[in-house]
There are 2 protein chains.
Amino acid sequence: MSLRYALLALLTSQPLTGYDVFKHFEQSVGYVWHAPDSQIYPELRRMEKDGLLSGVEEPWGKKGKKKRYHITPEGVEAFRAWMNTTLDYARERDPIHLKAAYLEWADPEAARAQMRAHIAYHSSRAQQWQNMVAALEDRSNPTLARRLEAAPEEDRAKIAGYKIFTYEGMIERAKAEIEWARRGLELIDKLES
Amino acid sequence: MSLRYALLALLTSQPLTGYDVFKHFEQSVGYVWHAPDSQIYPELRRMEKDGLLSGVEEPWGKKGKKKRYHITPEGVEAFRAWMNTTLDYARERDPIHLKAAYLEWADPEAARAQMRAHIAYHSSRAQQWQNMVAALEDRSNPTLARRLEAAPEEDRAKIAGYKIFTYEGMIERAKAEIEWARRGLELIDKLES
DNA sequence: CCCAACATGTAAGGGGTTACATGATTTT
DNA sequence: AAAATCATGTAACCCCTTACATGTTGGG
């Protein structure tokens, strides 16, 4: 159900067409909650039906048209209510740790390849988040800039601060994963003669 | 699709009835891949149909009966093949970080409650894993003990070593989450006057 | 004129959650 | 006799993935 709230979060800063939602999503909230366009379009329609968004049709060129979604007061309220509710936690479901627990079944080279892939994946993610933090810190991130413009002065430190805090957390998590996989490589060397 | 491999992993150590699978699952592989009984029973039947398991009916009391599932050579092969395949990574989908990024929308007390819940959840998880590591290290974990008995001497260090490695990774991840949430609490104090 | 970007979908299937459902057996 | 445990399911629903599908517009 979080997709809905991810979309509301995005639309609190400005009204967007479905396509714009998808594009902006990928560059902002999609870093913490991925969704493909095939999921976004129908969800926007459902949210309109549920009164959280109102869609306004606009002409696009001669024949085309597009629909711009505005968040409604009910949408804002639903988002705020979600933000004030403590999440409950999904039980563990983690394929890499499942695999790691039974690594004696893999060929040593396959085991090493898995650990290297883990390092590569999390390094790349960490790099992206690092770039995001830099863009948030120097206010060059366009979504943030637009949000800050519209916000009263006293809220600006919060808006930027919480986002930086979020991505820093993800960077540290990625670093922990990298460190773990490095130890995994050492362990494989030690155990597989 | 990982549930199937989690079940194969469990059944490589011994044949089990559906109910036993569920109980053992909760105490071992379920720590990294949770599944409810309503998912396990049908999956076992599908795996039997697919030739990965063979089920043997046994009487249980006067009228009752139960089915004990044995892993087949095809099941072993399927598990080994999965272990030798590099996983591909699911895109980020993380409700707590989604929420953290927009924490300016929450009431300060709700924001603090969320961070405290995060700390409580991960502390409890870390504690469980810590117990698991201890039970693996002193070989008092029954599932491990049974597995070690059946395994040739030269494999025993691997079997225990990889499991300890796995849970240690999860403990460190939990500690990183706790540390992050602590910083979150400080940030809330700083930003919400 | 072509191509990239803009715009919006449908449809099938997989995996998982939650709730409901039933009955036998063993233990207290 | 009651309660806990053993035993095994079904059914509805939700969310997400993957693949397919179609047409428009603006820029080079």
Side-chain angles (χ1 to χ4, degrees), chain A residues 1-8 15-27 29-30 32-50 52-53 55-69 82 87-95 98, chain B residues 1-8 15-27 29-30 32-50 52-53 55-69 82 87-95 98:
Chain A
M1 209 49 186
S2 292
L3 173 59
R4 174 161 292 205
Y5 299 103
L7 292 170
L8 286 175
L16 294 168
T17 65
Y19 186 80
D20 285 340
V21 166
F22 176 55
K23 288 291 152 183
H24 282 71
F25 198 88
E26 279 184 309
Q27 296 303 314
V29 67
V32 287
W33 193 273
H34 167 76
D37 57 349
S38 69
Q39 209 190 345
I40 288 176
Y41 283 114
E43 183 63 20
L44 289 171
R45 266 180 282 139
R46 277 192 294 270
M47 289 165 75
E48 187 184 10
K49 204 188 75 213
D50 294 345
L52 305 177
L53 304 179
V56 179
E57 291 221 329
E58 291 177 10
W60 173 55
K62 287 189 212 81
K63 295 198 265 175
K65 54 181 168 173
K66 56 187 177 178
K67 193 186 257 186
R68 187 170 302 272
Y69 290 98
W82 181 72
L87 288 173
D88 41 56
Y89 286 80
R91 303 295 310 273
E92 229 64 40
R93 195 166 277 137
D94 183 345
L98 170 57
Chain B
M1 210 50 190
S2 292
L3 172 59
R4 173 160 293 206
Y5 298 103
L7 292 170
L8 286 175
L16 294 168
T17 65
Y19 186 81
D20 284 341
V21 166
F22 176 55
K23 289 291 152 183
H24 283 72
F25 198 87
E26 280 183 310
Q27 296 302 314
V29 67
V32 287
W33 194 273
H34 167 76
D37 58 348
S38 69
Q39 210 189 344
I40 288 175
Y41 284 114
E43 182 63 20
L44 289 171
R45 265 180 282 140
R46 276 192 294 270
M47 289 164 76
E48 187 184 10
K49 206 189 73 211
D50 293 347
L52 305 177
L53 303 180
V56 178
E57 292 221 328
E58 291 178 10
W60 173 56
K62 288 189 212 83
K63 296 198 263 176
K65 54 180 167 172
K66 55 187 177 178
K67 194 185 256 185
R68 187 171 302 272
Y69 290 99
W82 181 71
L87 289 172
D88 41 56
Y89 286 80
R91 303 296 310 274
E92 228 64 42
R93 196 167 278 139
D94 183 345
L98 169 58

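Naming: A, B, ... by sequence-line order, numbering from 1 per chain. These values consider heavy atoms only, across backbone and side chains, with no hydrogens, waters or symmetry-generated copies. This is a predicted model, so every value here is computed, not measured.
Toward the 5′ end of DNA chain C lies the nearest nucleotide of A:Y69, the other residue of the pair A:Y69 and B:S2 mapping further downstream. Ranked by how close their nearest DNA chain D nucleotide is to the 5' end, B:Y41 and A:G64 are led by B:Y41. If you find the closest nucleotide of DNA chain D to B:D20 and to A:K63, the one lying nearer the 5' end belongs to B:D20.
Comparing D:dT10, C:dT8, D:dT8 by their nearest atom to the side chain of A:T17 picks out C:dT8.
Between the CD atom of B:E57 and the P atom of C:dA24 there is a distance of 16 Å, given to the nearest Å. One interatomic measurement links the two molecules: CG of A:L3 to P of D:dC16, which rounds to 6 Å at whole-angstrom precision. One can place CD of A:E43 at 13 Å from P of C:dG9, the figure rounded to the nearest angstrom. A straight line from CZ of B:R4 to P of C:dG15 spans 8 Å, rounded to a whole angstrom. In this structure, A:H24 places its NE2 atom 15 Å from C1' of C:dA7, rounding to the nearest Å. The distance from atom CE of A:M1 to atom C1' of C:dG16 is 16 Å, rounded to the nearest whole Å. Straight-line distance from the NZ atom of B:K66 to the P atom of D:dG9: 14 Å, rounded to whole Å. What separates CZ of B:F22 from C1' of D:dG9 is a distance of 13 Å, to the nearest Å.
Contact check, B:Y19 against D:dC6: a side-chain N or O comes under 4.0 Å of OP1 or OP2. Taking 4.0 angstrom as the limit, B:R45 places none of its side-chain polar atoms (N or O) nearer than this to OP1 or OP2 of D:dT8. Taking 4.0 angstrom as the limit, A:W60 places none of its side-chain polar atoms (N or O) nearer than this to OP1 or OP2 of D:dT24. Considering only side-chain N and O atoms, B:R93 lies under 4.0 angstrom from the phosphate OP1 or OP2 of D:dT17. Within the 4.0 Å cut-off from OP1 or OP2 of D:dC15, not a single side-chain nitrogen or oxygen of A:Q39 is found. OP1 and OP2 of C:dA7 both lie 4.0 Å or more from every side-chain N or O belonging to A:R68.
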Please report the C-alpha distance between A:D37 and A:F25 in whole Å, then the side-chain angles of each, then the deciding distance to 0.1 Å, and finally whether the side-chain contact (heavy atoms from CB on, under 4.5 Å) criterion is met. CA-CA 10 Å; A:D37 57 349; A:F25 198 88; over 6 Å; no
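Under the side-chain contact (heavy atoms from CB on, under 4.5 Å) rule, A:Y69 has a single partner from A:D20, A:L16, A:L44, which is A:L44.
How far CG of A:L87 is from OH of A:Y5: 11.0 Å, rounded to the nearest 0.5 Å.
No side-chain heavy atom of A:F22 sits under 4.5 Å from any side-chain heavy atom of A:P36.
Applying the 3.5 Å distance criterion, the base of D:dT18 shares a donor-acceptor pair with the side chain of A:S38.
With respect to the salt-bridge test (charged N to carboxylate O, under 4.0 angstrom), the residues A:R45 and A:E48 do not qualify.
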